[in-house]
Amino acid sequence: MLNKTKLNGFIPPKIVATTLLWAGLSAGVSAHDAEHHNEVTRLISAGAGMTELVIALDAGDELVAVDSTSQLPETFSSVEKLGYHRMLSAEGILALEPDLVLGSDAMGPETTLEVLEGADIKVVKLAGAETAEQLLSNINRLGELLDRQKQAETLKFRVAQSFDSIKQKRVSITGSDKVPSILFMLLQDDRPVRVGGEGTAADTIIKLAGGKNIADFVGYKSLSQEGILALQPDLILISSRSESEEQSAPDKVLKQMPLLIHTPAGEHKMIHTLKAQALLGGLGLSSLEAADKLASSLIEIQKY
């Protein structure tokens with residue numbers, strides 16, 4: 001290929017300048033066309049935390065479907081609901097003709113994702129965030145994928161402020177003589193209460209807020225009323241698979257488990273609900289909100 005110097009030797013400078021100018025304009029148009037071609041107009045989001053970020057980035061208008069764990073504002077009534085994010089159906093997704101399928105690293109099964117990729121549908125999985133840096137990185141990546149870079153910068157600023165607010169409260173809590181003890185209970189119909197220990201999503205929220213998870217085991221374990229009473233938690237966090245149940249959960253728990261009134265949490269009415277979305281997909285907007293509220297409650301407890 002001729003370089004610019006050789007080209008100047010064969011063609012008058014004015015013609016060269018005009019040619020280069022048009023070449024630059026053509027390249028710009030091509031780049032614009034490519035960008036426009038890759039624009040996401042039909043999006044599927046699988047995972048409560050992922051969908052929250054999509055909405056927060058003002059990309060909800062591109063949503064054609066979400067999984068069953070995702071909660072949407074009432075204005076998104078036309079968005080289809082798919083199955084559980086770990087058990088997605090390829091047929092149902094293909095019928096919606098999406099440009100992009102977003103999910104956490106729990107999205108699957110892999111056979112479904114392979115079928116989608118074989119049909120030239122872009123599939124992106126983002127690892128569940130465990131730190132502030134990872135959450136900010138996920139927001140940055142989503143901003144690029146959805147062409148919402150400006151919104152991503154604004155959201156990252158808000159998230160950084162939330163982490164800073166929680167950090168200041170956590171310093172106050174952990175700097176005191178007594179760090180409040182917390183118990184997380186997962187309520188399920190016709191099943192024993194399951195308590196969340198180390199390594200659970202609730203444990204992450206508790207530690208982020210500056211509290212002490214009183215359950216000294218890994219994962220989930222069923223406990224009786226007597227077992228919970230013996231732990232004497234200062235605050236009890238409860239969550240349910242059902243959003244409707246969460247509204248009445250504190251009263252329901254005390255009615256079903258009357259012995260809890262003899263714990264510091266029961267005596268001071270420190271039984272709080274935790275939204276199901278806060279427990280899915282790692283650190284996200286709901287879990288940050290939950291941690292901030294929990295930290296404020298722990299500060300109140302320390303005044304007793």
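Predicted model only: the values in this text are computed from it and were never measured.
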Colleague: Which pair of heavy atoms, one from Lys255 and one from Pro258, lies closest together, and at what distance?
Modeller: O-CD, 3.8 Å

Colleague: Looking only at atom types and distance, does a side-chain atom of Gln151 sit under 3.5 Å from a main-chain N or O of Asp58, one as donor and one as acceptor?
Modeller: no

Colleague: Would you say Phe157 has more than 12 foreign heavy atoms packed within less than 6.0 Å of its CZ?
Modeller: no

Colleague: Begin with the C-alpha distance, continue with both residues' side-chain angles, and end with the deciding distance and a verdict on side-chain hydrogen bond (donor to acceptor under 3.5 Å, both in side chains) for Asn140 and Ser137.
Modeller: CA-CA 5 Å; Asn140 212 49; Ser137 176; over 6 Å; no

Colleague: Could you measure the distance from the CD atom of Glu52 to the OG atom of Ser287? Nearest 0.5 Å is fine.
Modeller: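 With rounding to 0.5 Å, CD (Glu52) is 7.5 Å from OG (Ser287).
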
Colleague: Please walk me through it: do Glu153 and Lys150 pass salt bridge (Lys or Arg N to Asp or Glu O under 4.0 Å)?
Modeller: CA-CA 5 Å; Glu153 290 302 317; Lys150 289 184 179 180; over 6 Å; no

Colleague: Judged by atom type as modelled, is there a donor-acceptor pair below 3.5 Å linking the side chain of Asp67 to the main-chain atoms of Tyr84?
Modeller: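 Not a single qualifying donor-acceptor pair exists.
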
Colleague: Tell me, do Thr69 and Thr51 make a side-chain contact under 4.5 Å, heavy atoms counted?
Modeller: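 Not touching, per the 4.5 Å side-chain cut-off.
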
Colleague: Should we say atom NZ of Lys81 is surrounded by more than 12 heavy atoms from elsewhere, each under 6.0 Å from it?
Modeller: yes

Colleague: Residues two or more places apart in sequence or in another chain: which of them pass side-chain contact (heavy atoms from CB on, under 4.5 Å) with Asp203?
Modeller: Glu198, Thr200, Lys207, Asn213

Colleague: May I ask you to check whether over 12 heavy atoms, not counting those of Glu97, lie within 6.0 Å of atom CD?
Modeller: no

Colleague: Check whether any side-chain N or O of Asp234 sits under 3.5 Å from a backbone N or O of Pro264 as a donor-acceptor pair, and report yes or no.
Modeller: no

Colleague: Do Leu229 and Ile214 land in one hydrophobic cluster if side-chain heavy atoms of ILVMFWY residues count as linked below 4.5 Å?
Modeller: no

Colleague: Which heavy atom of Ala290 sits nearest to which heavy atom of Ala278, and what is that distance?
Modeller: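 Scanning both residues completely, I find the closest heavy atoms to be CB-CB, 4.3 Å.
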
Colleague: Is it true that atom NZ of Lys156 has more than 12 heavy atoms of other residues, nucleotides or ligands lying nearer than 6.0 Å?
Modeller: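 Atom NZ in Lys156 is crowded, with more than 12 foreign heavy atoms closer than 6.0 Å.
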
Colleague: Can you find a heavy atom in the side chain of Phe184 that is under 4.5 Å from one in the side chain of Leu186?
Modeller: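 Side chain of Phe184 against side chain of Leu186, heavy atoms only: contact under 4.5 Å found.
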
Colleague: As a quick check of understanding, evaluate side-chain contact (heavy atoms from CB on, under 4.5 Å) for Leu231 and Leu223, giving each step before the final call.
Modeller: CA-CA 11 Å; Leu231 293 175; Leu223 286 184; 4.0 Å; yes

Colleague: How far does CG of Leu155 sit from CG of Leu57, to the nearest 0.5 angstrom?
Modeller: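 That separation rounds to 5.5 Å.
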
Colleague: Could you tell me whether the side chain of Asp99 and the main chain of Arg42 form a donor-acceptor pair under 3.5 Å?
Modeller: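 Side chain of Asp99 to backbone of Arg42: a pair is present.
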
Colleague: Side chains of Ser162 and Asp292: closer than 4.5 Å at any heavy-atom pair?
Modeller: no

Colleague: Using the rule that Ile, Leu, Val, Met, Phe, Trp and Tyr join whenever any side-chain heavy atoms are under 4.5 Å apart, tell me whether Val101 and Leu72 fall into a single cluster.
Modeller: no

Colleague: Quick one: does Gln134's side chain get under 4.5 Å of Leu283's, heavy atoms only?
Modeller: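 A side-chain contact under 4.5 Å is absent here.
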
Colleague: What distance separates Lys269 NZ from Leu254 CG, expressed to the nearest 0.5 Å?
Modeller: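 Atom-to-atom, Lys269:NZ and Leu254:CG are 6.0 Å apart.
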
Colleague: Just wondering, more than 12 heavy atoms not from Lys125 lying within 6.0 Å of its NZ?
Modeller: yes

Colleague: Sub-3.5 Å donor-acceptor pair from the side chain of Arg170 to the main-chain atoms of Ala295, do we have one?
Modeller: no

Colleague: Does Lys167, at its NZ atom, have more than 12 non-hydrogen atoms belonging to other residues, nucleotides or ligands within less than 6.0 Å?
Modeller: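 Atom NZ in Lys167 is not packed in, count stays at 12 or less.
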
Colleague: Under a 4.5 Å side-chain heavy-atom rule over Ile, Leu, Val, Met, Phe, Trp and Tyr, are Leu146 and Phe76 clustered together?
Modeller: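 The answer is yes; both residues are in one hydrophobic cluster.
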
Colleague: Is the side chain of Ser239 donor-acceptor paired with the backbone N or O of Leu274 at a distance under 3.5 Å, no angle test?
Modeller: yes

Colleague: Is a side-chain N or O of Lys169 found less than 3.5 angstrom from the main chain of Leu294, in a donor-acceptor match?
Modeller: no

Colleague: For Gln149, look at atom CD and say whether over 12 heavy atoms of other residues, nucleotides or ligands are found less than 6.0 Å away.
Modeller: yes

Colleague: Assess the residue pair Lys221 and Val195 against the criterion (side-chain contact (heavy atoms from CB on, under 4.5 Å)); give the C-alpha distance rounded to whole Å, side-chain angles, the decisive distance to 0.1 Å, and a yes or no.
Modeller: CA-CA 5 Å; Lys221 183 178 179 180; Val195 171; 5.5 Å; no

Colleague: Could you give me the CA-CA distance, side-chain angles and deciding distance for Leu94 and Ile121, then say whether side-chain contact (heavy atoms from CB on, under 4.5 Å) is met?
Modeller: CA-CA 9 Å; Leu94 288 171; Ile121 294 174; 3.6 Å; yes

Colleague: Is there side-chain contact between Ile55 and Leu285, with heavy atoms separated by less than 4.5 Å?
Modeller: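 Result no, sub-4.5 Å side-chain heavy-atom pair not found.
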
Colleague: Do Val64 and Val115 sit in the same hydrophobic cluster, where Ile, Leu, Val, Met, Phe, Trp and Tyr count as joined when their side-chain heavy atoms come under 4.5 Å apart?
Modeller: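 In one cluster: yes.
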
Colleague: To the nearest 0.5 Å, what is the distance between CG (Leu88) and CG (Leu113)?
Modeller: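 Result: 7.0 Å between the selected atoms.
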
Colleague: Report yes if the side chains of Arg148 and Leu142 come closer than 4.5 Å at any heavy-atom pair, otherwise no.
Modeller: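 Counting from C-beta outward, Arg148 and Leu142 never come under 4.5 Å.
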
Colleague: Does the side-chain contact (heavy atoms from CB on, under 4.5 Å) test come out yes or no for Glu62 and Leu100, once each step is laid out?
Modeller: CA-CA 10 Å; Glu62 277 74 50; Leu100 174 64; over 6 Å; no

Colleague: In Å and rounded to the nearest 0.5 Å, what is the CD1 to CD1 distance from Ile301 to Ile182?
Modeller: 7.0 Å

Colleague: For the residue pair Thr112 and Ala90, what are the closest heavy atoms and their distance?
Modeller: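 Where Thr112 meets Ala90 most closely, the heavy atoms are CG2-N, 3.6 Å.
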
Colleague: A side-chain contact here means heavy atoms from C-beta on lying under 4.5 Å apart; do Leu102 and Leu53 qualify?
Modeller: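 A side-chain contact is absent here, since even the closest heavy-atom pair is not under 4.5 Å.
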
Colleague: May I ask you to decide if Gln71's main-chain N or O and Gln277's side chain share a donor-acceptor pair within less than 3.5 Å?
Modeller: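 The answer is no, because no donor-acceptor pair under 3.5 Å joins these two groups.
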
Colleague: Tell me the closest heavy-atom pair linking Pro233 and Ser181, and the distance in Å.
Modeller: CA-OG, 3.7 Å

Colleague: Find out whether Val179 and Leu298 are in side-chain contact, i.e. whether some heavy atom of one side chain is under 4.5 Å from a heavy atom of the other.
Modeller: no

Colleague: Using distance alone, with no hydrogens and no angle criterion, decide if Gln168 and Asp164 have a side-chain donor and acceptor under 3.5 Å apart.
Modeller: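 Yes - a donor-acceptor pair under 3.5 Å links their side chains.
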
Colleague: Which atom names give the shortest non-hydrogen contact between Ile173 and Pro180, and what distance separates them?
Modeller: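 Nearest heavy atoms, Ile173 then Pro180: CG2-CD, 4.0 Å.
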
Colleague: Shared ILVMFWY cluster between Leu116 and Val66, side chains joined below 4.5 angstrom?
Modeller: no

Colleague: For His85 and Ser104, work out which heavy atoms get closest and say how close.
Modeller: ND1-OG, 4.1 Å

Colleague: At what distance, to the nearest 0.5 angstrom, does CE of Met185 lie from CE of Met257?
Modeller: 5.0 Å

